[in-house]
Protein chains: 2
Amino acid sequence: MKTQNTKIRIKDIATLAGVSEGTVDRVLHNRGEVSEKSKAAVEKILEEINYSPNLLARSLASKKHYRFICLIPAHQVADYWESVETGFDSAAHDYLQYNIHLEKQYFNQFDANSFVTVSSQIIQNKPDAVFIAPIFRDETLNLTRELTSRQIPFSFIDSMIEEADFLTYYGQDSFQSGYVAAKLLLNSLPDNAQVVVIRTKRKGAESNQTIARKNGFMHFISENGLSNIELLNIEMTDDDENTNFELLREVFDLNSNIKAAITFNSKVCRLAKHLKTLNRIDVRLIGYDLLEENVKYLKNDVVSYLLAQRPDKQAYLTVRDMCAELIFKQKVKKINHVPIDILMKENIEYYMQFRE
Amino acid sequence: MKTQNTKIRIKDIATLAGVSEGTVDRVLHNRGEVSEKSKAAVEKILEEINYSPNLLARSLASKKHYRFICLIPAHQVADYWESVETGFDSAAHDYLQYNIHLEKQYFNQFDANSFVTVSSQIIQNKPDAVFIAPIFRDETLNLTRELTSRQIPFSFIDSMIEEADFLTYYGQDSFQSGYVAAKLLLNSLPDNAQVVVIRTKRKGAESNQTIARKNGFMHFISENGLSNIELLNIEMTDDDENTNFELLREVFDLNSNIKAAITFNSKVCRLAKHLKTLNRIDVRLIGYDLLEENVKYLKNDVVSYLLAQRPDKQAYLTVRDMCAELIFKQKVKKINHVPIDILMKENIEYYMQFRE
DNA sequence: AATAATTTCGTGTGCGGACACAGGAAATAT
DNA sequence: ATATTTCCTGTGTCCGCACACGAAATTATT
């Protein structure tokens, strides 16, 4: 909690330093045309007192307009990215009065070329800041290099690429969320229980996120020496549910002691649907993210836990921090791991209702 | 997401309505001295367009100052109420620029008289709004009646009294949080497991909160027909830990199949300490709120789950909503149940680190 | 020493809205 | 018809800050 002294105005500083308001202003924004002597006088006062500008007056007076662009995957409604977009919209609304204009650009998350195309449009657009969902690693790095060379700040959302010189990243620690999932899923399973672990083949590569989650999951197992359980690794496809269903049916036929199952992407609803059809809702099931379908199966008792992360808030805070940096000249934290929210049938209602 | 048209100024409305800015201003604040004709003209324009005032300019120009008072229990550091206070402080900081001044008043939560004393001080103080932790029901109602008759708005924090005409309430649904606790605690316990349920005698009455939590807990048990477990109801005192310890030792001596324990107030750390001394950390233990000591035992693996609710945020939002109502003339939601956060060793770190 | 070229600095204006105040128009009183 | 009162309405000032412009002070040039 910083103590900001709202009482002190530029005018006061000017009086204290024995110069005019204009001079104080020049020092504050350090845009030159100030003698060493005056500058020193002002800076002395600034050190003594704790000046923090009146932000209302500042943005009222400033005629500077900022254009922010966010670059996210095109998506269906009720998708994970829908929430992210909601958060951006909400921030756009709140920060409009600070002369901030937020535009959205979409790319095809299954086609790196579309990312490249939109990237170059953005560069031409000369925005004041960019928010990026770095789905494609190399292509993102190309974009961020361009941005850095043009001194355009940018932030990552959802996941990050450490080498890039981003302002902030908001997102979950995927490894740890996999670890948490393991704890919830494997806690007090009977001996010799079998656990189905789904891996989804996807057009393009498997996402970093799901890989990290799985690593965290496996780490829990090795760390706790859980040799009394058996993992059944299943590979499902992203587009053919019939095949998936047949595969699952076979697995459940062949293995009589399956007690739990997990998938590391956000589409646990598919798995839930098949389990329900197979009448195996006794299987403890965990998934990620609050897609409508996922929530339905959680309330149904088919899914036991969902791990969530408020993607809308992540987007909102990303915008907020950019404003803090650019406009209010405040320090912001670079890497922000958001909480790993544990939802079950009994507590999801208030979680979803709660709007801040 | 409301579409606010930031472009339209009072000056524009004046031009459109064929009157002066002053007249528009008088209509907007409806402080009279306007002829029917002019008033109608302005109101016609106001209906056509979607005017929303520039809040920055408004609060910059306004010399109105607001004094808010919050009325909470005096407390130790690292207490539950400490977090509430932090939230108030944080709001005070953020809303200072809107000419809001927040004062804190404390009462002794074990002495209703102290509440009454501070109440009358507050009334004399003629604040613009009050935030109340309604620990003492009748005394609180006396206060709120006074406030209502003086048209001073107020909000509840932590718990609420339905009959009072409050602006907002932020808090957890205690009944449901007891229900969640039961689910977590009793999930897949072996047959004939014994469960220790602590009730804490307190100077003054048992708090509504803990009663509601316990009701929710019991409801889960009856709803799920858990006849295979045995509850051991223990009454601990609030001030003598030696007695408590001896009591627990006896209970554990006499009962050989204790698998779980729970306490419904925020002091699970005491229970944890005794269990650790008794070397019974195999017992699954659940408690409430992130007191430092509680967190310590969670990380220690003595406590399995903590249910939390971000009291600081509740306080912050309470202030925010009062501003929204009083200053920005926005609608606010009256009853706000906050999420029931489930914390365990594996996810508490990011939960605590995360500052918005 | 006089003038030109720079550097430094103070003042004025406007952002959008709140509010005070003066002065004009209409209504009433003389 | 003039004076007085009441009712309306337009204008001006201020809130704290950003920024432009022109004036003053300093330095350089002849």
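First the proteins, then the strands, lettered A, B, ... as listed; each starts at 1. Bear in mind that the values here come from a model prediction, so they are computed numbers and not experimental data.
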*asked:* Just to be sure I understand the rule, does Ile10(A) reach a base, reach only the sugar-phosphate, or reach nothing, if contact means heavy atoms closer than 4.0 Å?
replied: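 Sugar-phosphate contact only - Ile10(A) comes under 4.0 Å of backbone atoms but never of a base.
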*asked:* Under 4.0 Å, counting only non-hydrogen atoms across every strand here, what does Ser38(A) touch: a base, just sugar-phosphate, or nothing?
replied: sugar-phosphate
*Closest to the Arg9(B) side chain: dC17(D), dT9(D), dG17(C)?*
dG17(C)
*Please determine, for the side chain of Thr23(B), which listed nucleotide (dG10(D), dA18(D), dC19(C)) has the closest atom?*
dG10(D)
*Just checking, is any N or O donor in the side chain of Asp94(A) or Tyr316(A) under 3.5 Å from an acceptor N or O on the other one?*
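Tyr316(A) and Asp94(A) do have a side-chain donor-acceptor pair below 3.5 Å.
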Can you tell me if [X] touches the phosphate of [N], counting only side-chain N or O atoms and a distance under 4.0 Å to OP1 or OP2?
{"X": "Ser59(A)", "N": "dC15(C)", "result": "no"}
{"X": "Arg31(B)", "N": "dC19(C)", "result": "yes"}
{"X": "Tyr51(A)", "N": "dG16(D)", "result": "no"}

*Does Phe131(B) have its ring centroid less than 6.0 Å away from the ring centroid of Phe154(B)?*
no
*asked:* Between Tyr169(A) and Phe156(A) (judged by ring centroids, cut-off 6.0 Å), do the two rings come close enough to count as a pair?
replied: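 No - the distance between ring centres of Tyr169(A) and Phe156(A) does not fall below the 6.0 Å cut-off.
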*Without swapping roles, check the side chain of Asp321(A) against the backbone of Thr318(A) for a donor-acceptor pair under 3.5 Å.*
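Side chain of Asp321(A) to backbone of Thr318(A): no pair is present.
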*Pick the nucleotide of DNA chain D nearest each of Leu28(A) and Lys39(B); which residue has the one closer to the 5' end?*
Lys39(B)
